[in-house]
Protein chains: 2
Amino acid sequence: MTSTAPLPPEELLRGAGLRVTATRTAALHALEETRHATADDVLGSVRARLGTVSVQAVYDVLHALTDAGLLRRIEPAGHPARYERRTGDNHHHVVCRSCGAIGDVDCAVGHAPCLTPSDDNGFAVETAEVTYWGLCPRCR
Amino acid sequence: MTSTAPLPPEELLRGAGLRVTATRTAALHALEETRHATADDVLGSVRARLGTVSVQAVYDVLHALTDAGLLRRIEPAGHPARYERRTGDNHHHVVCRSCGAIGDVDCAVGHAPCLTPSDDNGFAVETAEVTYWGLCPRCR
DNA sequence: CCCGCTCACTGGAATGATTCCAGATCAGCG
DNA sequence: CGCTGATCTGGAATCATTCCAGTGAGCGGG
């Protein structure tokens with residue numbers, strides 16, 4: 001890839017006009033190590049780093065960063081939501097039916113393949129999302 | 001289409017090797033009127049038809065019918081699951097970001113467009129699912 | 001036509017992810 | 001260095017869905 005943002009968390013936060021707090025930088029660090037982490041994973045990582053941190057602090061942080069465009073939220077049906085730092089490029093995901101693990105998938109057909117529905121039912125369509133379902137290497 | 005099954009609910013159930021019960025036929029009727037109904041919608045319809053019906057009865061029925069292939073379950077992130085009777089053809093959906101309403105979308109590119117991911121990360125990919133997000137006519 | 005073996009349904013309680021609330025605390029501008 | 005509003009704490013609440021144990025109803029065999 002070209003660049004997976006080697007920018008330190010602090011810079012990212014400042015650049016997005018957000019305050020720099022311990023919880024936020026810790027959350028970004030956690031997501032640098034574990035791409036596609038659940039809120040709970042992040043909570044664990046942040047606590048390991050900082051000690052006592054409340055559940056809400058983490059949810060607030062994840063929401064704030066998602067709204068600011070620093071994170072992308074993925075919500076696979078039947079599994080808790082996960083967050084990733086790869087934003088901007090519209091890539092897709094493979095989700096493991098069994099454990100919920102997620103892998104990145106760059107769009108196979110280059111650009112927006114079936115992105116324009118044949119009949120939009122009067123909906124104002126904004127985005128198309130592709131999810132691949134299968135089994136991860138470990139669960140096979 | 002060839003046939004959207006004008007078969008009565010009883011036949012469908014029997015054909016799938018399932019017992020014919022009031023709750024099940026009522027649920028199928030409900031989903032004939034309201035395509036893309038939530039479990040709660042179905043519960044309401046079924047109760048209007050039969051009187052007292054427990055929450056679990058409906059969930060059980062929806063699961064049984066889904067497992068039997070008579071229903072398809074749709075789980076849009078952030079909204080309760082919905083069920084539909086159009087199964088077999090692999091069509092996709094438009095989901096309203098605001099109210100969760102759903103519309104059918106036949107695959108624009110005929111067959112499996114970006115169905116083969118460029119890099120499957122070692123996953124055994126089984127299906128690809130496309131979801132369009134936007135605003136329904138009413139919410140615009 | 002009746003019997004019994006399952007599977008279906010009832011009602012109530014539990015789960016798990018996420019959110020709401022009210023108050024204490026901290027980042028960083030002026 | 002003090003303010004002000006954003007952030008964090010802890011606990012309770014919400015919502016969709018599931019688990020559990022007991023009662024009741026389909027339907028195939030006798």
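Computed from a predicted structure; not experimentally measured. As a basis for the values below, the full set of heavy atoms in this structure was taken, side chains included, without hydrogen atoms, waters or symmetry mates. So that the names make sense, note that chain A is the first sequence line, chain B the second, and so on, each numbered from 1.
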In whole angstroms, the gap separating P of C:dT18 from CG of A:Leu62 amounts to 9 Å
Which comes earlier along DNA chain D counting from the 5' end, the contact point of A:Thr52 or that of B:Leu18, where each point is its nearest nucleotide? A:Thr52
So what does A:Ala81 hit on the nucleic acid, given a heavy-atom distance under 4.0 Å: a base, only sugar-phosphate, or nothing? sugar-phosphate
Can you identify which nucleotide, out of D:dC20, D:dA6, D:dA16, has its nearest atom closest to the B:Pro80 side chain? D:dA16
Quick one: A:Asp60 CG to D:dG10 P, roughly how many Å, whole number? 14 Å
Phosphate oxygens OP1/OP2 of D:dG26: is one of them under 4.0 Å from a side-chain N or O of B:Thr21? no
Integer-rounded Å distance: D:dA16 C1' and A:His79 NE2: 16 Å
Select one nucleotide: of C:dC9, D:dG26, D:dT17, the one nearest the side-chain heavy atoms of B:Arg19. D:dG26
Using the closest heavy atom to pick a nucleotide of DNA chain D for each, name whichever of B:Arg14 or B:Glu75 lands nearer the 5' end. B:Glu75
Considering just the side-chain nitrogens and oxygens of A:Tyr59, establish if one lies under 4.0 Å of OP1 or OP2 belonging to C:dT19. no
What do you reckon, is CZ of A:Arg35 surrounded by more than 12 foreign heavy atoms closer than 6.0 Å? no
Taking the side chain of A:Arg73 as heavy atoms from C-beta outward, which of C:dT19, C:dC9, D:dC19 is closest to it? C:dT19
Is it possible for you to say whether A:Val42 and A:Val53 belong to one hydrophobic cluster, with membership spreading through side-chain heavy-atom contacts below 4.5 Å? yes
I want to verify a distance call: between D:dG10, C:dT10, C:dT18, whose nearest atom is closest to the A:Gln56 side chain? D:dG10
With respect to the phosphate group of C:dT19, does any side-chain polar atom (N or O) of A:His63 fall under 4.0 Å of OP1 or OP2? yes
Gap between atoms CG and C1', on B:Leu13 and D:dC27 respectively (whole Å): 14 Å
Does a side-chain N or O from B:Ser54 land closer than 4.0 Å to OP1 or OP2 of C:dC9, or not? no
Is any NZ, NE, NH1 or NH2 atom of the basic residue among A:Glu33 and A:Arg49 found under 4.0 Å from an Asp or Glu carboxylate oxygen of the other? yes
Does OP1 or OP2 of C:dA8 have a side-chain N or O of B:Arg24 closer than 4.0 Å? yes
Nearest-Å distance, CZ (A:Arg47) to P (D:dT9)? 9 Å
Mind calculating the distance between CG (A:Asp41) and P (C:dA17) to the nearest angstrom? 11 Å
Name the orientation class of the two ring planes belonging to A:His63 and A:Tyr59 (parallel below 30°, tilted from 30 to 60°, perpendicular beyond 60°). tilted
Check whether B:Thr34 reaches the backbone of B:Leu31 with its side chain - one donor and one acceptor, N or O, closer than 3.5 Å. no
Between atom CG in A:Leu50 and atom P in D:dT7, what is the gap in whole Å? 16 Å
